[in-house]
Amino acid sequence: TEGECSVMPVQFYDLSQQSGSGYVVSWNWDFGDPSTGINNQSIAQNPEHLFSAAGNYNVTLIVHNDAGCADTIVQNVEVSPPAPVDYTHDGHCHLSTTYFYIDETITDIGAITSYTWDFGDGTPGSSVMNPEHIYNMIGYYDVTLTVTDTNGCSNQVMHQVEITAIPSAHFSYEFTCVEDITSFYDNSTINGEPITSWYWDFGDPASGAANISTLQDPDHDYTVAGNYTVKLIVSSESGCQDSLEMALDIVPSPEADFAYEVNPCETGLVYFTDSSFANFGEITSWFWTFEPGHYSNEQNPIYVFSQTNTTYTVTLVVEDESGCTGTIEQDVYVPLGMQIEVSNSAACHMEAIEFDAYISSPANDSIVSYLWTFGDPMNPNAQSSSANPSYTYPIPGTFTVSLEATDQFGCTETTYKQVVVDNLPVPDFQFEAELCDSNFYFTDLSSGSGASIVTWTWDFGDGSAPVTINAPNTPDTVSYTH
């Protein structure tokens, strides 16, 4: 016999000898294995038989020669059980290594003399105990392991291995400016099944827990400019992974700044000068907000504010060639325009009137040239370039005085003032004296020529001190003793 293993056919060989001149012409085999039915018997000279189970079997051979004589032999055949075998595998991702392992809880590796692996993909197999294999296509593969034990018995086991698609990790991002939100977008792909998990490392350990995200499309706030390495790991539903690292340059935002100058000659007019600085590339755009609804895109704009003596919050937003922005808000005070105040002394007919002027706004400004026009119709050309002129009107009335003043900055402003020239009061009185009496009684008959008299001064001509009476007292009757 040959190959006494329960899972392999046993080959029997006829060793019968012929006697005399006769020879064997027939063979009748009984394998002692009735559970195999009609296969339990054979008339072949050298048959094979697959025993139904391991064990001891009494195999009978009856031979006949050409003379009709027969002989019988019974021989015990021990059929050994096959070595138990099984395996496991780890890794099922396309183009990744799949590892196969003998299951030593089932397989007695000390009794195994050879291993034959068929990976089911048409590639050469392996004879190592725990091989590795890379599948070039996704799909299902019947992987067969055949082992031979020390008894020469073979056994095999087959499992179906599914090789699944591996995802391809890709991503993109928007904005790379410091202190701006950087948005990341997953662009990973896979065939046949969904991607189920994402693991982002933004390369910014200083951000603490915010450095990691498991969102598909996360955001991250980089607070320090510099170069960062961002890594994305994606996993499929079946656990296959792929990763991608990408360099990210976070550029510093431009620093917005500006200066301004108020035009002293035009009320509300302000000149703005951009002094912003780009940390990366050049500044390409400017956006000014002067007051609600009033904007400019010029680099150095000029703007007239609607109100003076008012502080406005002016905003400038600059953008550089990388799209990063910087913002500054600055208070801008818009002062009053040049304000001139004119004053004059008492305006009485035929008396010189003195004029004076000064700049009340802006502060610390001063007049450097004057041109006064006195508005006298009797003398239309009456003018003066003095700082403090005087003028005598020949007639009473109301006159419009103008001053064209130029300040230290070269700004010119004209202001007007009405001057009322009053008639002089007309003094008059009468007196009475009683007989045999040194008392004199004086009665004021003066006229204010349209204005109220406020002061009366009596001089009685005898060398005594004058007497002055001020309103609201009235000198209707004044007595004097001589």
Side-chain angles (χ1 to χ4, degrees), residues 86-103 117-123 125-126 130-145 158-251 322-324:
D86 205 355
Y87 69 87
T88 61
H89 74 281
D90 182 24
H92 51 81
C93 301
H94 179 221
L95 298 178
S96 297
T97 301
T98 301
Y99 300 89
F100 295 91
Y101 305 100
I102 295 297
D103 185 351
W117 293 87
D118 183 341
F119 299 114
D121 61 352
T123 62
S126 175
N130 297 312
E132 302 173 2
H133 190 67
I134 295 177
Y135 288 92
N136 294 320
M137 297 182 65
I138 63 173
Y140 293 90
Y141 296 90
D142 293 334
V143 178
T144 303
L145 168 61
M158 185 272 290
H159 294 299
Q160 192 173 70
V161 175
E162 180 184 9
I163 300 300
T164 57
I166 189 170
S168 178
H170 293 282
F171 66 89
S172 59
Y173 56 86
E174 287 183 0
F175 297 114
T176 56
C177 307
V178 67
E179 295 184 350
D180 284 344
I181 296 299
T182 301
S183 298
F184 294 89
Y185 302 98
D186 169 52
N187 301 319
S188 304
T189 57
I190 191 173
N191 293 322
E193 60 180 283
I195 294 174
T196 56
S197 71
W198 299 262
Y199 182 88
W200 297 84
D201 184 331
F202 301 114
D204 184 18
S207 63
N211 186 49
I212 303 299
S213 176
T214 56
L215 297 177
Q216 183 175 6
D217 299 311
D219 296 330
H220 187 69
D221 183 7
Y222 290 94
T223 58
V224 178
N227 296 315
Y228 297 86
T229 299
V230 180
K231 184 175 183 178
L232 169 62
I233 302 174
V234 292
S235 301
S236 67
E237 186 176 50
S238 59
C240 296
Q241 292 184 339
D242 189 29
S243 64
L244 175 67
E245 290 186 355
M246 189 180 298
L248 176 65
D249 187 17
I250 299 297
V251 300
S322 65
C324 298

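These values consider heavy atoms only, across backbone and side chains, with no hydrogens, waters or symmetry-generated copies.
Atom NE2 of residue H170 and atom OG1 of residue T189 lie 5.5 Å apart, to the nearest 0.5 angstrom. Going from atom CG of L232 over to atom CD of Q216 covers 9.5 Å, rounded to the nearest 0.5 Å. How far OG1 of T98 is from CD1 of I163: 4.0 Å, rounded to the nearest 0.5 Å. To the nearest 0.5 Å, atoms OG (S238) and CD1 (I138) are separated by 10.0 Å. Once rounded to the nearest 0.5 Å, the distance linking OG1 of T229 with CG of N227 reads 8.0 Å. Of the inter-residue distances, the one linking I195 atom CD1 with C240 atom SG reads 11.0 Å to the nearest 0.5 angstrom.
The closest side-chain heavy-atom distance from V230 to W200 is below 4.5 Å. T164 has its side chain within reach of E193: a pair of non-hydrogen atoms, C-beta onward, lies under 4.5 Å apart. Proximity of V143 to L145: side-chain heavy atoms (C-beta onward) are nowhere separated by under 4.5 Å.
Formation of a donor-acceptor pair under 3.5 Å by the H220 side chain with backbone atoms of A210 is found in this model. In terms of modelled atom types and a separation under 3.5 Å, the side chain of S183 and the main chain of D219 share no donor-acceptor contact. Judged by distance alone, the side chain of D186 and the main-chain N or O of D217 form no donor-acceptor pair under 3.5 Å.
Here H133 pairs with F100, F119, D121, T123, Y135 under the side chain to side chain contact (heavy atoms under 4.5 Å, CB included) rule; sequence neighbours left out. Looking at residues two or more places apart in sequence or on another chain, you find a side chain to side chain donor-acceptor pair (under 3.5 Å) between S322 and D320. Evaluation of the side chain to side chain contact (heavy atoms under 4.5 Å, CB included) rule for I134 yields T97, N136 as partners, not counting sequence neighbours. Listed by chain and number, the residues in a side chain to side chain contact (heavy atoms under 4.5 Å, CB included) with T144 are D118, T146, Q156, M158 (sequence neighbours excluded). Remark: S235 engages S197, Q241 in a side chain to side chain donor-acceptor pair (under 3.5 Å) (not counting sequence neighbours). Applying the side chain to side chain donor-acceptor pair (under 3.5 Å) rule to H94 yields no partners; only residues at least two apart in sequence or on another chain are considered. Under the side chain to side chain contact (heavy atoms under 4.5 Å, CB included) criterion, S172 pairs with Y185, N187, sequence neighbours left out. Applying the side chain to side chain donor-acceptor pair (under 3.5 Å) criterion to N211, with sequence neighbours excluded, gives D201. With sequence neighbours left out, H159 forms a ring-ring contact (aromatic ring centres under 6.0 Å, His included) with Y87.
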Sequence neighbours left out, cut at 3.5 Å: what donor-acceptor pairs do the side chains of residues 242-251 make with other protein atoms?
| from | atom 1 | to | atom 2 | distance (Å) |
| --- | --- | --- | --- | --- |
| D242 | OD2 | A169 | N | 2.9 |

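Taking both residues in full, the closest heavy atoms of V178 and A225 are given as CG2-N, 3.6 Å, listed atom of the first, atom of the second, then distance.
In this pair, Y222 and F202 present their aromatic rings perpendicular. The plane angle is above 60°, beyond the 30 to 60° band.
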Verify side-chain contact (heavy atoms from CB on, under 4.5 Å) between W198 and L215, making sure each step is shown before the conclusion.
-> CA-CA 6 Å; W198 299 262; L215 297 177; over 6 Å; no

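Judged as a disulfide (SG to SG under 2.5 Å), the pairs with a partner in residues 160-224 (not counting sequence neighbours) are, in order, C177-C324.
Open room surrounds CG on N191; 12 or fewer heavy atoms of other groups in view lie less than 6.0 Å from it.
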